[in-house]
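Below, read A as the first sequence line, B as the second, and so on, with proteins coming before strands; counting in each chain starts at 1.
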Amino acid sequence: MKLITAIVKPFKLDEVRAALSDAGVRGVTVTEVRGFGRQRGHTEIYRGAEYVVEFVPKSKIEIAVDDALVDQVVEAIIKSAKTGKVGDGKVFVFELEQVVRIRTGERDSNAI
Amino acid sequence: MKLITAIVKPFKLDEVRAALSDAGVRGVTVTEVRGFGRQRGHTEIYRGAEYVVEFVPKSKIEIAVDDALVDQVVEAIIKSAKTGKVGDGKVFVFELEQVVRIRTGERDSNAI
Amino acid sequence: MKLITAIVKPFKLDEVRAALSDAGVRGVTVTEVRGFGRQRGHTEIYRGAEYVVEFVPKSKIEIAVDDALVDQVVEAIIKSAKTGKVGDGKVFVFELEQVVRIRTGERDSNAI
Amino acid sequence: MKKLPMLVSVAVLACMSAAAWSDSAPTAPVVLSVDKISAGDTAWMLTSTALVLMMSIPGLALFYGGMVRKKNVLATLMQTFAIVCVVSLLWWLVGYSWAFTPGSKFVGGMSRAFFNGMTYMHDPINKLSVSHLALTIPETVYAMFQLTFAVITPALIAGAFADRMKFSAMLVFMAAWSLLVYVPIAHMVWEPSGWLNAAGVLDYAGGTVVHINAGMAGLASCIVLGKRLGYGRERMPPHNLTLTLIGASLLWVGWFGFNAGSAGAADGRAGMAMLVTQMATAAAALSWMFAEWISKGKPSVLGIASGAVAGLVAITPASGFVGPTPAVVIGLAAGVICFVAATSLKHLLRYDDSLDAFGVHGIGGIVGALLTGIFVSKEISGVANSMLMQFLIQLKGVAVTVIYGFAASFIILKLIDLCIGLRVTEEQEREGLDISLHGESIE
Amino acid sequence: MKKLPMLVSVAVLACMSAAAWSDSAPTAPVVLSVDKISAGDTAWMLTSTALVLMMSIPGLALFYGGMVRKKNVLATLMQTFAIVCVVSLLWWLVGYSWAFTPGSKFVGGMSRAFFNGMTYMHDPINKLSVSHLALTIPETVYAMFQLTFAVITPALIAGAFADRMKFSAMLVFMAAWSLLVYVPIAHMVWEPSGWLNAAGVLDYAGGTVVHINAGMAGLASCIVLGKRLGYGRERMPPHNLTLTLIGASLLWVGWFGFNAGSAGAADGRAGMAMLVTQMATAAAALSWMFAEWISKGKPSVLGIASGAVAGLVAITPASGFVGPTPAVVIGLAAGVICFVAATSLKHLLRYDDSLDAFGVHGIGGIVGALLTGIFVSKEISGVANSMLMQFLIQLKGVAVTVIYGFAASFIILKLIDLCIGLRVTEEQEREGLDISLHGESIE
Amino acid sequence: MKKLPMLVSVAVLACMSAAAWSDSAPTAPVVLSVDKISAGDTAWMLTSTALVLMMSIPGLALFYGGMVRKKNVLATLMQTFAIVCVVSLLWWLVGYSWAFTPGSKFVGGMSRAFFNGMTYMHDPINKLSVSHLALTIPETVYAMFQLTFAVITPALIAGAFADRMKFSAMLVFMAAWSLLVYVPIAHMVWEPSGWLNAAGVLDYAGGTVVHINAGMAGLASCIVLGKRLGYGRERMPPHNLTLTLIGASLLWVGWFGFNAGSAGAADGRAGMAMLVTQMATAAAALSWMFAEWISKGKPSVLGIASGAVAGLVAITPASGFVGPTPAVVIGLAAGVICFVAATSLKHLLRYDDSLDAFGVHGIGGIVGALLTGIFVSKEISGVANSMLMQFLIQLKGVAVTVIYGFAASFIILKLIDLCIGLRVTEEQEREGLDISLHGESIE
Ligand SMILES: Nc1ncnc2c1ncn2[C@@H]1O[C@H](COP(=O)(O)OP(=O)(O)O)[C@@H](O)[C@H]1O
Ligand SMILES: Nc1ncnc2c1ncn2[C@@H]1O[C@H](COP(=O)(O)OP(=O)(O)O)[C@@H](O)[C@H]1O
Ligand SMILES: Nc1ncnc2c1ncn2[C@@H]1O[C@H](COP(=O)(O)OP(=O)(O)O)[C@@H](O)[C@H]1O
C-alpha cells in the first residue's frame, strides 16, 4: 500500500474529494497546514508595523491506497486540484507498510 | 525504526496516550485533523441553507518507535482506541530511516 | 528523494526557515501540532479544578528534498532549532517515492 | 413626535412638556430660554442617543460580523464603523437640515447646514435652540438622536451585499444613499411639511424610513452586485454566532432607545413604547424559533436571534401607537413571516441577500407598517381614523418607500458601477476582504 | 421602594415625588394624571430597564458562555436568550399580575393579566396607570423594570446544569419555575400584601428573590440532573474567558440599573445604592483574587471576575440600606466566602454545579441577606429595628427562600424528568449541544 | 462644571438648576434638603456613570485585549479589570477627598476620606450631601461619576507596557500613580482651590487630567521597562481586531457619558458636548483612515478604530466649549497627527509604546488641549479670554501635566523596579502572560 499526501489550495478541497470518491477512494484525512513556497503570502500593516505573512493556507490530504490505485489517484488529484497558477501544490507518495482498522482489527488492504 | 500513525476519535486521545505510556512510549506528536470516511458528519442549517459537515474531527497521533516495539504499540492503540462503532480510525505504519534529537544530536534509537 | 519532518519549538520556526532557505530549500509545509514528551506542560486552575496541560505546542515542518541534500538540511535544522533545553524536538527522515507538482505535472526532483 | 400628522403632533407637544405653550406652536426650530428644557426628558434623550449608537457599533457590526465567513469578518465590521463616521459628517453638512427643517414636501431647507444656528448660549444669555419636533429638549440632543437613526439605516443595507463590495464603492454608495434616499424619506414621513406626514402615515420610530427603506436598498444591491462567488456550491456558514448573538442582544437593548426614545420625552408614551417593544420582540423570537423547530427539526441560535430582530423591526412603526397584546400579535406574525422570507422566498427568487437585510428589515418593516394601521389604539395614539382608512394610508406609505427606496438605490448603484465599479475582483473575494481590502486578519 | 415594610414604603413614596400625595397612599395600581409623573425618575427607570436587560443579554449569556467547552457555547447563549423571551411573555400573561398586584400573602391577583388596565391615555385625556409601588413613574415602566428582574433570575440557574439539559425540558422548567417559584417569592418579599414584606424582611434589589432563589434552584437542578459526562476525569476548562470577562463587565455595569434602579427614582438613595454597589464589587473581586493568589499561587481572570459577581450579588439586598464602608466589608466577606464555596465546598460535597450558580448566587445571596441585617443604617434606610432583631428577620427571609426555592425546584424538575426527560443522550452530550441540539457550531 | 474658573463656574451652577441659590454659592460639600436635587440631572449623571464604567470594562479592556498576541489577551483584560477594582477602593480611602474637596493648591483635604460625611438621610430627615462642584445631584453620584474617571485613567497607561509587566508590580504602580499623580492633577485642574483651575486652564472632561497624564505615564513606563522581547524581529500582529473594534465602539458610546456627563446636568451644554463629541470622533476616524489609505495603500480596521479614539481624546478637553464645526476641525487634526505619532514617531524614537497609549492619548490630549484654547466659543463656554491668552494658559496646563506626569511616573516606576522588579522573566514573557501569570488560556 501507499500513502498519498497532497498539498492543495483549500478552496479546491471539495473538488479533490469528489474526484477521489470517483476514483474509488473511501476515506481521507485532511489537515490545515501553512505552505511556504513560490506562491507568496500577503502583507499586513498594523499602525505602521509591516508584517509579511509569508505562508499561504493549504489543505493537506492524506490517502491510504492499494498499490494498484496509486497512479489513478495521483492523476485524479492533479486534475481536480489544478488551477495552473503558482501554488497549486504537490503530491507525495510514500510506502505504507501496515494498515489496521481499529474497529475491526482488519489489516492492510481490507483496512483501507 | 518505524513511525506509527494513528487516527482516533478525539475523546479517546487521553486513553490512547495512557496505553502508549504503559507500552513504554516516551513521546508522541498529536495533530487535530478532519476525517472523511464511513462515519458520517452532521448537518447544520442556517436560515434555510443546509450545510452537510461531511468530516468528523479526529486526532492524529504520530509515534516514532524502535522496530521491536511496533506490534506492541499497535496493539496498545487498537485496544485503547476501540469503541466498536464506525469511525474508530486507522493505524498506519511507515519505515523511518533516521531520527535525530535536536537538543543533543543523538541519532536513531537513542533519539526516540 | 526524502521527506524530512522536524518537530520544533514554535518560536524557532522563523530561524529554521531561514536556515533552510540558506541550505537551498525552496518550499516547506508547516503544521501546528501538540507535542508530548520529556518537556512538561503547565497547570491551569479554574475555580479550584486543576487541569494539567500535558502537551506543549510545537511546529511540524515537512520538507521534501533530493537525497543529496538530506544531510545538509538535517544539519541546518539541528543548528537553527537548538536551544539546548528539553523539548527542542526531533528530526525524522522518510523515503519519498514520488513527488508531483500539481501545476505542471513535473515529477520527482523537478517537482521539489 | 415626529411620526404624527402635524396637528396631532402639535397637540401632543403642547401637553408633553411641563411648561405649556400659551399660543401657537412653532413649525421650525426656535430659540428658547434654558428653563423651557425638561432635564428629565433631556436625560432620557441623551441616553437614548447613546443606546441607538450602540445598536450600530458594536451591535449591528457584530450581528453581521458573526454571520460572514472568517475571512470577511473585519471587513464587515469596518463597513458599519465607516458608515457611522461618514454619515455623521454628512448629517452635519446638510443631512439634518434637509431632513428636519421645514421645506418642500419632499425635502427640508438649508437653514441648518453645518448645524448653523443650532446654539447653546451660556449664562448670562441662557438660551438655546430647540427643534419644533421636540420642544422640551435641546436641539443638539434632537439632532444627535436623529443622527443615530441616520447612521444605522445605511449600515443595515450592508447585510445584503456582504463579502463582495469594494470598500471605496461602498463609501460612495452610502454617502449618496444617505442624502438622496434616507434624508428625503425621513423628511416626507417625519417632518410636518413632508407629504406623507401630512397624509397621516404613522411611523413611530422608523418602520418605513429606516427598515423598509434599508431593506429595499439591500434588495437592489444584491441584485445589482450579483451573488457571492461559489454561492450555492461552496460552504458559507456563519463563522461565529457568538458575535451574532452579542449583536442581536445589543440591538435589542439599544432598540429601547430607538423606540422609547422616539417619544422625545421620558413619559408614559415612552414607557408604553418600551413595553410593547419587549413583547413583540420576545414573541417574534419564539415564533421564528418554533417555526424553524417544526419545519427544520431544530431550534437554532441564528433563528432565535433573527426572530428577535424581526420583531424589533416590526414593532418599530407601531411602538407608540399600540398596546401590549397587539404587540404580541405583531411579533408572532413578524417572526414567522420573516422566517419564510429568509429561508424560502430568498432561495425561490434566487437573489443572494447574504445576511437577509431585505428578508428581515424589508419584510419585517412592511409587516409592521401595515399592522400598525390595523392595531393602532386611539387611546394611546390619539389617532382617530377608522382601521380601514388607516390601513390604506399605511399601504400608501409602504408603497412609496418600497418604490422610491428600490428605484433610487438601483440607479445610484448602477451609476457607481459605471464610474468606479462596485465589486471586488474574484481573487480578492476568494482571499477574503479582510486581507485583500484592509490588510488585516484575525487569528 | 418595594423592599420596605409597607408603612415605611408609603412614607418614602410620598416624599420621593415632587408632587406630594395629600391623603392616603394607594395600595393597588391607580390611574393618575400624566403630570404626576416625574420625567427625571422615569428617565432613570427607563435607563435602568435597559441596563438590567443588558445584564442578561448579552451579559450573563457571555459570562456563562465563556466558561463552557467550545462545543456548548452556542447552546449556553441560547438558553439565556430563550429564557428572556419565554419569561417576557409569561410576565405579560400573568407573571406581573401575580407578583405585583395586591392579593393573598403568597401571590397577587389576576387584575393585570395580559397587562390589562395598564394604560397610557393620549391627549386630551392625559392619564396613565401607575403602580402603587412606584408612584412617580408610569406603570408600564415599572412593569418593564420588574420584567428584567424576572427574566434574569431563571437565566442564572442555567449555570448549574450547563452542558447537559435538553433544550425543550429547559424551556418547560423555566416557564414553570418562573410562575411557581419566582413570582410567589417576589410577591411575598416585595409586594406590601406579601407576608415576608409585612414581616419586615429587607431585600433592596433581590438578594433573596433573585439570587438565593436562583442559587437554590441551581443546586436542585445539578443534583437532579447529575454530573456532566466525564466530570472529574475529562478536561473541562473554560474555552474562552474573554467572553466571561465581557460578561462580568456588562453584569457590573448593568447592575447599576439593578440596584440603583431599585430606588424607583433618580434620587439620593439611588446614588447611594450605586456607590455601595461599586465598593462591594471592587472589594469582593479583590478579596477572591487575593484568596486565590494566596491559596493557589496565581491570581486568575476567572477568579477576579467571579469575585466581582459575588460582590454584586451580596450587595444586592443591602444596596439601599447601607453606607460605603459597610459595603466594603460585605464585599470582602462575599469574595472570600464564595471563593471557598466554589472551589472547595463543591468538590467536597460532590455535586456538579458546573458554573457555580449556587456557589456564587446562592451563597453570595445568603451572605448579603444576612449582612444586610447587621449593617442596615437607620439614617439611610429609615428602618429602626435593633440589629439582632433585623438579623433574625433576615434569617427568616433566607430560610423561607432556601427551603421553598430548593423544594419547589426539585419537585418541578422531577416531574419534568418523569414526563419528557431532562437530560440529553450521552451521544449528544459528547458531540456537544451546539451541534446536537441546535445544528450549529462556531469556528 | 468642574473645568471652569471658579467664578464662571458658580454662575453656571446658579442657573443650571431649577431652584436658584439666593446668596453665595458653596465652596465645599454641603448638606441640602432632598428637594434641591434635580431628578433629571441625577438621572443623566447616574447613566453617565454607567457609561463611563463601561468604557473601562469591557470597552478599554477589549480595545487593548484585541491588539496583543493571543497568549497575552487574558492578562491584558485582567489589568484593566484589576485596576478598576483597586482604584475604586482607593477612591473611597482617600482619593476622592484629595481630589475634590477644597485644600491646598495641589491637593484637597481629608474630610471625605472613607467617604466620611457623604450622606443620604431618609425620610423624615430628607437631606443629603451635595458637592460644591455639582449642586443639583447627590454627592454620591458626583463621587461615583468621578470614580469612573479615576479608574479609567491608569487603565489607559497599560497599553504602553503591554505583554511584559509583572502583575504584582502593576498593581503597586497603579495604586501609587492614582494617588500621587492622578489625584493631584485632578485637584489642580478641576477643584476651584487648585492652582491650574484658578489660572483659567480649560479642561472640560479630562484632556490634561486623563489623557495627557496617562499618555505621559505610558511613555515613562515603556521607556523604563524596555521593549518587548523580539520587538522589531518577531511578528506581533494584533490577534483579534474584532475585540478591538468592540472596544472602540464601546469607548465611543461610553464617551458620551464622559463628555456630556461632564456637564453635571442634563441640559443644553450636555447636548452640545455630545454633538461635538460625535463630530470630532467621526472626523478623526476618517482622517486617520484616509491618511493611512493614502500613505500605506489600504484603509484598516485598526486605523479607523484608532482614529476614532484619537478624536474622542482630542475633543475631550474642548467638548463643553466649542461648537460642531470647530469640532470637525479638531477631529481632522487629531486623526492625522496621532496617525503620524503612532506609525512614524514611535519607530523613529525607538520606544516600544506597544499599543500607543502615548501616541494616541498623550499626543491626542495635547492636540485637544491646545486647540481648545484656539476654538473656545464665548457663547457656549462663557469664557471671555482672547484666543492668544487662552492658548497660552492652555499651554501652561499642558506643560505642567506633561512634566509632572512624566517625571512622577518615571520615579515611581524606578522605585518599584528597585524594590520588587517590574518585568516578568524572559521565559514567562515567551510563554505568554496568560499562562505564566494567571494560569489560564483561551482556546
Ligand atoms: N520542498 C517542499 N517540501 C514540502 N512542501 C513543499 C515543498 N515545496 C512546496 N511545498 C508545498 O507546496 C505548496 C505549493 O508550492 P509552491 O512552490 O508555492 O507552488 P507550486 O507547487 O505551484 O510550485 C507550498 O505552499 C508548500 O506547502
Ligand atoms: N483511505 C484512507 N486514507 C486516509 N485516512 C483514512 C482512510 N480511510 C479512513 N481514514 C481515516 O480514518 C477515519 C475513520 O474511518 P471511517 O471509515 O470513518 O471508520 P472506520 O475506521 O471505523 O472504518 C476517517 O475519518 C479518516 O480520518
Ligand atoms: N517517540 C516520539 N514520536 C513522535 N514524536 C515524538 C516522540 N518523542 C518526542 N516527540 C516529539 O518531540 C517533542 C520534543 O520531545 P521531548 O521529549 O519533549 O524533548 P527532546 O526532544 O528535547 O528530548 C515532543 O513534544 C513531541 O512532539
Which atoms of [X] come close to chain D, meaning under 4.5 Å heavy atom to heavy atom: side chain ones, backbone ones, both, or neither?
| X | result |
| --- | --- |
| T119(E) | both |
| S129(E) | neither |
| M45(E) | neither |
| V86(E) | both |
| A266(E) | neither |
| L62(E) | side chain |
| T80(E) | neither |
| L74(E) | both |
| L250(E) | neither |
| P58(E) | both |
| L171(E) | side chain |

Interface moiety of [X] toward chain E, non-hydrogen atoms closer than 4.5 Å:
| X | answer |
| --- | --- |
| L243(D) | neither |
| V328(D) | side chain |
| A284(D) | neither |
| S300(D) | both |
| W255(D) | neither |

Backbone of S111(E) reached by a side-chain donor or acceptor of S97(E) within 3.5 Å: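 Side chain of S97(E) to backbone of S111(E): a pair is present.
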Straight-line distance of W252(E) CH2 to F63(E) CZ, nearest 0.5 Å: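 Interatomic distance, W252(E) CH2 to F63(E) CZ, rounded to 0.5 Å: 12.5 Å.
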salt_bridge(K298(D), E440(E)) N-O dist < 4.0 Å: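 Between E440(E) and K298(D) there is no salt bridge, as every charged N stays at least 4.0 Å from the carboxylate O atoms.
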